[in-house]
Visitor: 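Handing you a structure now.
Letters A, B, ... are given to chains in the order of the sequence lines, protein chains preceding strands, and every chain is numbered from 1.
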Amino acid sequence: MESPRQQHGCTFAEYEVRKTNLRGRKQERLLRITDSGLFNLKKPDVVKRHIPFTDIKQITLVDTHHFTITFHSLHDYNYEAPTSAVIVRELRTYLEQHTDTENSQRAIEMAQRSPKPPPPLGISDEARIALQRRRKLEQLTGSCEDTRIGLEVDALVYDRTQDLGFTIKAYISNFKPGASFSETGAAVRRFIDQVKRHILTNCDTDALRQYQIVPEQFGTPVAPVAIADVVERSLFSAIVHPLTNPLNAQLVCEFETQDRAIRAFGDVAIAQEAMDVAATMIDPAGYATAVTAMRRLDGALNGMDAALMRGALLDAVRAIYTRAAAIGMQNVSADEFLPVLTFVIARSGLSRAMSAHAVLDTLLSDVDRRGEIGYYVTVYQTALGHLLSLTG
Amino acid sequence: MVSEYKLVLLGEGAVGKTSILLQYTKRKFESDHIMTIQASFRSKVLNIADQTITLNLWDTAGQEKFHSLALVYYRDANAAVLVYDVTDRDSFDRVQNWVQELVKNVDGKPILAIAANKTDLPKSQHVISSEEGREYAEKVGAQFFETSAKDVDTLNPMFLHIAKNLQQQHGGRNSTENVRSTRTLKIEDDSAPEASTGGCGC
């Protein structure tokens, strides 16, 4: 049989105290702190009162021998003990720990209770349930808004029971490559643009945007999310990723020779020859980070992952700027940047450098083409052209 | 409403393209002694008549041997700034080549501006007069500006002119691509758009 002590839960501490009741009578008591609250016991094990932690308002040390516990629901308890100071300190510690866990518990409950925004248009019940589950998880793990909106868009795009999802699926299963990769790429791009325009104009982007409103108590302000960018990312993986095999096959057919020519520059001596800047500026070790980043382009291309491809190229670019700053070049003009990028490409020995360019160039959205990634794709292309011209 | 436009800076090496780009996009309160990495691609956000316009400025490599590859830089450009050095006749001649190429190779009609750069150098060193530059600009339908990369006040009117023209030409056409959350839209208010004509000949 369980002892009364065990019934009170896990005991943290016990103190022998003397309580003064309302009539001024002193009573010998045992104050026990457990995980379920405070117990005021008459020795040995008679529970006079069980006080949950939430009911405790304040613990006051009156003097070295006296302390008071104030409750929300009841009159104060006045205690007397030679070790009052120690008891008060320890009690407060337990109380604090307990409130901490309780607060996080409350936060989770609030997250679960927080008003649910209406679902975006055209989602089947099944998709909605999956979405709600993921959204709750996102809320608890505190993921960024981009991801959350991305999930909403994914739900639209992957839902085969609706027109949009069905159209995409039909496009993928009926896909036929064009005469050249640039033609194929342009056709895919056109399709992505059409779908994107459809989502941005016909679907309720306001509904998507509502998800950005996060209850204040969860703190950090939300970073701006460009819905068009999120839609672009979602669509790219939904449409281009399933086409990885046919696209790659066509790339290999078309660019194998050029890819091989650029791969041959992996040799350092040749790479240096490709440069038109002072040899001192080119320190192979210095650009190692850029070269490593650039090498990721191959893997990203194999999976037709646009985000990774951009990431690889932009990381390489940033590594070049960082390196330039480290050797005291504060401003890097295009005249200086281009040779260095050429060098980095040559050193990285990419196995499919031209193919990577073809994908980035033909599949970039119009906005991207005019933006930062567009710029560096252009410089990358110029660098490749220069390398190829060296091979004759 | 947000619109993004591509603007290329073209010109021979060492005419000051990069300096113009950096001077113009330098952030306020960014002091010179703090080491910041300066890229050859930069964006500038302008706020004109309640519309936010993003100018993406593309620096190009001016080296002769890359010239044949330059086409890829100005493809799809919405605007171009052709830069020459007022103390260098060759650089002015090159601008004329660039204009011909642009007209030949760019679809649509990019907004053109010609920047006579390095006007801060003593007049005695100038070999191309304002009149000659302006006359040429008029001939090719470009707007003419006298600039100094050292003085941002000579650059603002030029880019503002381009931005306003882009806004007029495109209306809100580029905007559907860029539906951003209005709640969190960040607007960098730009310095005085009150018509300081600068070197503008209009």
Visitor: Holding to side-chain hydrogen bond (donor to acceptor under 3.5 Å, both in side chains), I want the full list of residues that pass it with S182(A), two or more places apart in sequence or in another chain.
Guide: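 Applying side-chain hydrogen bond (donor to acceptor under 3.5 Å, both in side chains) to S182(A) gives S180(A).
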
Visitor: For chain A, find which of D59(B), N56(B), L21(B), T18(B) contributes the most heavy-atom pairs closer than 4.5 angstrom.
Guide: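 Heavy-atom pairs under 4.5 Å are most numerous for D59(B).
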
Visitor: Holding to side chain to side chain contact (heavy atoms under 4.5 Å, CB included), I want the full list of residues that pass it with T292(A), two or more places apart in sequence or in another chain.
Guide: none

Visitor: Strictly distance-based, threshold 3.5 Å: is any side-chain N or O of R369(A) a donor or acceptor partner for the main-chain N or O of D76(B)?
Guide: no

Visitor: When rounded to the nearest 0.5 angstrom, what is the spacing between OG1 in T60(B) and CZ in F337(A)?
Guide: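 So the gap between those two atoms works out to 14.0 Å.
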
Visitor: List the atom of S40(B), the atom of Y376(A), and the distance in Å for their closest heavy-atom pair.
Guide: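 Taking every non-hydrogen atom into account, N-OH, 4.1 Å.
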
Visitor: Indicate the atoms forming the closest heavy-atom contact of Y321(A) with F41(B), along with that distance.
Guide: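 Heavy-atom minimum between the residues: OH-N, 4.4 Å.
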
Visitor: Any side-chain donor paired with an acceptor under 3.5 Å for T378(A) and Y74(B)?
Guide: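 No, because no side-chain N or O of T378(A) sits under 3.5 Å from a partner of the opposite role on Y74(B).
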
Visitor: Sort V317(A) into side chain, backbone, both or neither according to what part of it lies under 4.5 angstrom from a heavy atom of chain B.
Guide: neither

Visitor: Hey, what do you get for CG (D368(A)) to CD (E4(B)), rounding to the nearest 0.5 Å?
Guide: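 One gets 8.5 Å once the value is rounded to the nearest 0.5 Å.
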
